[in-house]
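Report on one structure; see the data block that follows.
Both ligands and their constituent atoms are indexed starting at 1 by order of listing. Computation of the quantities below employed the complete heavy-atom set of this structure, encompassing side-chain atoms and omitting hydrogens, waters and symmetry-equivalent molecules.
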Amino acid sequence: MTVELQHIRAARERIAGKVERTRCVVSQSLSDCTGGPVHLKLENHQTTGAFKLRGASNAIAALNPQERSRGVVAASTGNHGRALAHAAKLEGMRAVICMSRLVPDNKLDAIRRLGADVRIVGNSQDDAQQEVDRLVAEEGLVMLPPFDHPDIIAGQGTLGLEIMEQVSDAAAVLVPLSGGGLAAGVAAAIKGVSPSTKIIGISMVCGAAMKASLDAGRPVQVEELPTLADSLGGGIGLDNRLTFAMCRALLDDVVLLSEDEIAAGIRHAYEQEREIVEGAGAVGIAALLAGKVGVSGPTVLILSGRNIDMDLHRRIVCGEAPALRERAA
Ligand SMILES: *Cc1c(COP(=O)(O)O)cnc(C)c1O
């Protein structure tokens, strides 16, 4: 099973009017320092602050009336839960988001404000997932996971269709990579239209589950470590059905970044581009600044989200160290 261009085109029709078609702008500073042109796909301006609304909206729109009446459930620590809560609210559907006790209050509040039923269970994503499994079994809710689902991947892929319209001669597209829903969808869309365009996944050194899995040739578990790119944390699932195979088939390369490099990306986005991005949204910029990806022809960076704690953002742009140990405590 895989997701192809036709599924992504169908997703686009389904979510039209429910998500923003975000702008794609030239970065003068990054073009100057790399030889460019470098384009920024401003998905940090998407409704709910991240691209996740594309997949969530598509998956909800694809439900049949019987599933709609049952409602949806997911385990999430942030952007997927917020997107799902928003999309469900628009359709007047019930949404239950299961989270561990470790989730920060600001993220909880954003999801509660959207009217979702938030369940706090246990101390880890695994505990939260157990509650999801229970709700599916006992209350008949429909589970919509954050990345390994065909309608989620197809929805994220709509971002790739927009990029191809906005920069039709793109030589390379740099995609933040965690569970791989974004990378798989964007790569399927772009390679479907322009097979020679290179798709490069970017993760952090601390806990790059997809990279470790690609290297091992099968899904493997990695230790979850604190990182500025918190939206890129977590595993890909040992029983991964779709995104591992798609990333293996479609990604041309995967590059890893240190915490200092990611911090430099956040700072550059703010000072040079006047954009607020979270760590995961800064990795494309960071990869160019660190010289880990070369520019040979039009290059597109996906600024995937902006949902960063603003106190942390302030400390990063002031040049204070990432202070990871303190945040992990
Ligand atoms: C979820 C997320 C990603 C990674 O997407 P995957 O589909 O899990 O690879 C990147 N950036 C942001 C802001 C996210 O919320």
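For ligand 1, the atoms closer than 4.0 angstrom to any heavy atom of L232 are 3 (C), 4 (C), 10 (C). Ligand 1 places these atoms under 4.0 Å from at least one heavy atom of N79: 13 (C), 14 (C), 15 (O). Atoms of ligand 1 found under 4.0 Å from any heavy atom of G305, numbered from 1 in the order shown, are 13 (C). Of all atoms in ligand 1, listed by their number and element, those nearer than 4.0 Å to a heavy atom of S231 are 1 (C), 2 (C), 12 (C), 14 (C), 15 (O). Ligand 1 places these atoms under 4.0 Å from at least one heavy atom of F51: 1 (C), 2 (C), 3 (C), 5 (O), 10 (C), 11 (N), 12 (C), 14 (C). Using a 4.0 Å cut-off to heavy atoms of S304, the atoms of ligand 1 that qualify are 10 (C), 11 (N), 12 (C), 13 (C). Close approach to E278 involves these atoms of ligand 1, each under 4.0 Å from a residue heavy atom: 13 (C). Below 4.0 Å from some heavy atom of G181 lie the following atoms of ligand 1, by number and element: 6 (P), 7 (O), 9 (O).
Among E13, R54, R12, the one residue that satisfies the side-chain hydrogen bond (donor to acceptor under 3.5 Å, both in side chains) test with T158 is R54.
Residue A280 places no N or O, backbone or side chain, under 3.5 Å from any N or O of ligand 1. Checked against a 3.5 angstrom limit, the closest N/O atoms of G179 and ligand 1 fall inside it.
The closest approach between a heavy atom of G281 and any atom of ligand 1 is not below 4.0 Å.
In terms of protein heavy-atom proximity, atom 6 (P) of ligand 1 is nearest to G180 N, 3.5 Å.
From I285, atom CD1 reaches atom OH of Y270 across 14.5 Å, with rounding to the nearest 0.5 Å. For the atom pair CG of L40 and OG of S27, the computed distance is 5.0 Å after rounding to the nearest 0.5 Å.
For the pair K211 and D215, the salt-bridge criterion is met [side-chain N within less than 4.0 Å of a carboxylate O]. With respect to K191 and D252, a salt bridge is recorded, a charged nitrogen being found less than 4.0 Å from a carboxylate O. Under 4.0 Å is where a charged nitrogen must lie from a carboxylate oxygen, and between R119 and D117 at least one such pair does.
Under 3.5 Å, the side chains of T22 and Q46 contain no donor-acceptor pair of N or O atoms. In summary, the side chains of Q130 and R134 do not present any donor paired with an acceptor at a separation below 3.5 Å, with no hydrogens or angles considered.
Neither the backbone nor the side chain of H80 comes within 4.0 Å of ligand 1, counting heavy atoms alone. Neither the backbone nor the side chain of T243 has a heavy atom within less than 4.0 Å of ligand 1. Contact annotation for K52 and ligand 1: only side-chain heavy atoms (C-beta onward) come within less than 4.0 Å of the ligand.
Under the 4.5 Å side-chain heavy-atom criterion for ILVMFWY residues, a single connected hydrophobic cluster contains both V173 and I8.
With a 4.5 Å cut-off on side-chain heavy atoms, R101 and D127 do not count as touching.
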